Amino acid sequence: MNKPKIVCFSCKFSWSYLADESKLAAEISNWIPIICAGKIDAEYLVDAFLHGADGVLILGCPEGDCHYQDGNIETKKRLALLRQALAVYNIEPERIRLVLARDPEGKDIPGHIEEMAKAIGQLGKIKTAKA
Amino acid sequence: MTGKPKVAICWLGGCGGCDEAVVDLNEVLLTVADAVDIVLWPIALDFKYDHVKAMADGEITLSIINGNVRNSEQEEVAKLLRKKSQIVLAFGACACFGGTPGMANFRSKEDIFNWVYKDAPTVNNPNGVFPQPVSNVDKKELTLPAFHESVKSLNQVIDVDYYLPGCPPPTDLIAHAVTATLENKLPMKGSSLAPHKALCDSCPRNSTKPQKIKLTEIKRIHEIEAKPDICFLAQGVLCMGIATRDGCGHNCIDINLPCRGCFGPVEGVRDAGIKMISTLAAIIDAETDKDIEKITEQIIDMAGYNFRFSLPSSMFGSLKNPE
């Protein structure tokens, strides 16, 4: 397959808050900095797949260190339920990845995306989703 | 001709429950029948599609269509009524969202045919006969409606003016919809003729809902003796009321069954099933991966539960669209 398309959401409180956002955005395609990982509704992820994403990467604050107390945990629970629902269409759980860490300059974001793209490349295209 | 407004009532891929709901209008139906000319109602009256075909375009004031669209006949009737009607009302969960038969979209047409005509244990079909749209018997051509690849809601086939959800819609909302049409008091095109808020808003059990619901285990309704007046979610039973439009009249809640979501999403929401996932996550009381898994694995058939009535029209359902 061609290089997998990864949509990346990252929390602004732990990721890239010291970086030049526009410069980083020019480097990373489909990168969406957001206010909190807990802001990511299950709808955003389904929408990403409907728009042709092969995988979605979510970067949130380290556990116990969410700016809004538990946004990262909320996302973790949401992903668990969504992965369970997606299984009905054989959409593999690995297509949604959550990384909870801190990276103020956002240096590691391209690496995380690259690593996930490699793993998704092994899975191939989503067989049932619209491209 | 009487000069009264003409009304058509028709079923497509439905069970007849929606037509029954119209009959349940009782004496209100007599008033309606006095005020309008019913020009088509296959389940109750002997009018033919040819009668409708002979009408001028837009001659029917209101077409009340229930059921989803799964085959070519249903599609043809839907398109005919659209052409002849000024207003089309999608009536009931099947017409509005695809309904419970819409769960067939979890499988392909091929899977369904193989099971029903070949693989199911009660099937005896040694010659492998499958229904065909056209077959020749004794030099005569026999036809059947063609089975489409997937179940569709009415608005995926024709332009729909108004929606009245429910399985079936309750009589008070039916009477309101018909009266509003006759009195020309309909809201903006595309509106659902039902309340805007979630079912919890009017649920008689709402006052027993704790400040914060904390689900530590999830039970199916038959696994517990559910208390008849306590919020289902507070009892650990999944209830779609938090993500479902109000207006049903609490028929399920009143007989001690949780909401299954037949009224579809609340106003402004695209997909009730996906919102249910987000909402449910917020009330699961767990933090570690292990604890989260322990609770979530108690939900049997997550997708079936959340999209019981709405799969064909949902975003989630679009993840698999064979056509």
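The model shown is predicted, which means the values in this text are computed figures rather than measured ones. The sequence lines fix the lettering, A, B, ..., with proteins before strands; numbering per chain opens at 1.
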Engineer: So which residue, A:Leu86, A:Thr75, A:Ile40, ends up with the most heavy-atom pairs under 4.5 Å with chain B?
Structural biologist: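 Option with the greatest count: A:Leu86.
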Engineer: Do B:Asp271 and A:Val46 touch side chain to side chain, with heavy atoms closer than 4.5 Å?
Structural biologist: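 SC-SC contact between B:Asp271 and A:Val46 ruled out.
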Engineer: Not counting sequence neighbours, which residues clear side-chain contact (heavy atoms from CB on, under 4.5 Å) with B:Ala243? List them please.
Structural biologist: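 side-chain contact (heavy atoms from CB on, under 4.5 Å) check on B:Ala243 returns B:Met276.
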Engineer: Counting heavy atoms not belonging to B:Lys189, are there more than 12 under 6.0 Å from its NZ?
Structural biologist: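 Correct, the count exceeds 12.
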Engineer: Between B:Ala286 and A:Ile73, which heavy-atom pair has the shortest distance, and what is it?
Structural biologist: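 So the minimum-distance heavy-atom pair works out to O-CG2, 3.8 Å.
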Engineer: Return the option, out of B:Ala303, B:Gly273, B:Ser278, with the maximum number of heavy-atom pairs under 4.5 Å with chain A.
Structural biologist: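 Heavy-atom pairs under 4.5 Å are most numerous for B:Ser278.
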Engineer: With heavy-atom distances below 4.5 Å as the criterion, would you say the side chains of B:Met302 and A:Val88 are in contact?
Structural biologist: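 No. Closest side-chain heavy atoms not under 4.5 Å.
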Engineer: Is B:Gln298 atom CD crowded by more than 12 heavy atoms from other residues, nucleotides or ligands, each under 6.0 Å away?
Structural biologist: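 Result for CD/B:Gln298: enclosed.
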Engineer: Rounded to the nearest 0.5 Å, how far does CG of A:Leu82 lie from OG1 of B:Thr296?
Structural biologist: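 Answer rounded to 0.5 Å: 12.0 Å.
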Engineer: Which atoms of A:Asp47 come close to chain B, meaning under 4.5 Å heavy atom to heavy atom: side chain ones, backbone ones, both, or neither?
Structural biologist: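 Contact with chain B is through both the backbone and side chain of A:Asp47.
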Engineer: Please round to the nearest 0.5 Å and tell me the distance separating atom CD1 of B:Ile274 and atom CZ of A:Arg78.
Structural biologist: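 So the CD1 of B:Ile274 and the CZ of A:Arg78 are separated by 12.5 Å.
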Engineer: Can you tell me how far apart CZ (B:Phe316) and CG (A:Leu50) are? Round to the nearest 0.5 Å.
Structural biologist: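 Output value for this atom pair is 10.0 Å.
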Engineer: Ignoring hydrogens and angles, tell me if any N or O in the side chain of A:Lys77 forms a donor-acceptor pair with the backbone of B:Ile292 under 3.5 Å.
Structural biologist: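 Side chain of A:Lys77 to backbone of B:Ile292, a donor-acceptor pair under 3.5 Å: no, none is there.
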Engineer: Check this for me: A:Asn2, atom CG, are more than 12 non-hydrogen atoms of other residues, nucleotides or ligands nearer than 6.0 Å?
Structural biologist: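 No, not enclosed.
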Engineer: Under 6.0 Å from the NZ atom of A:Lys5, do we count more than 12 heavy atoms belonging to anything else shown?
Structural biologist: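 It does not: A:Lys5 NZ has 12 such atoms or fewer within range.
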Engineer: I need the B:Asn105 CG to A:Tyr89 OH distance, nearest 0.5 Å.
Structural biologist: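 The OH atom of A:Tyr89 is 6.5 Å from CG of B:Asn105, to the nearest 0.5 Å.
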Engineer: If you compare all heavy atoms of A:Leu81 against all heavy atoms of B:Ala281, which two are closest, and at what distance to 0.1 Å?
Structural biologist: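 Minimum heavy-atom separation between A:Leu81 and B:Ala281: CD1-N, 3.6 Å.
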Engineer: Heavy-atom distance under 4.5 Å to chain A: side chain of B:Ile295, backbone, both or neither?
Structural biologist: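 For B:Ile295, there is no contact with chain A at all, as no heavy atom is under 4.5 Å.
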Engineer: May I ask you to check whether over 12 heavy atoms, not counting those of A:Gln69, lie within 6.0 Å of atom CD?
Structural biologist: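 Counting neighbours around CD of A:Gln69, 12 or fewer heavy atoms of other residues, nucleotides or ligands fall under 6.0 Å, so no.
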Engineer: So, does A:Gln84 use its side chain to make a donor-acceptor pair with the main chain of B:Ile299 at under 3.5 Å?
Structural biologist: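 It does hold such a pair.
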Engineer: Counting only heavy atoms not in B:Lys212, do more than 12 fall under 6.0 Å of its NZ?
Structural biologist: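 Buried by this count: over 12 neighbours within 6.0 Å.
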Engineer: Side chain, backbone, both or neither: which part of B:Asp301 has a heavy atom under 4.5 Å from chain A?
Structural biologist: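 Neither part.
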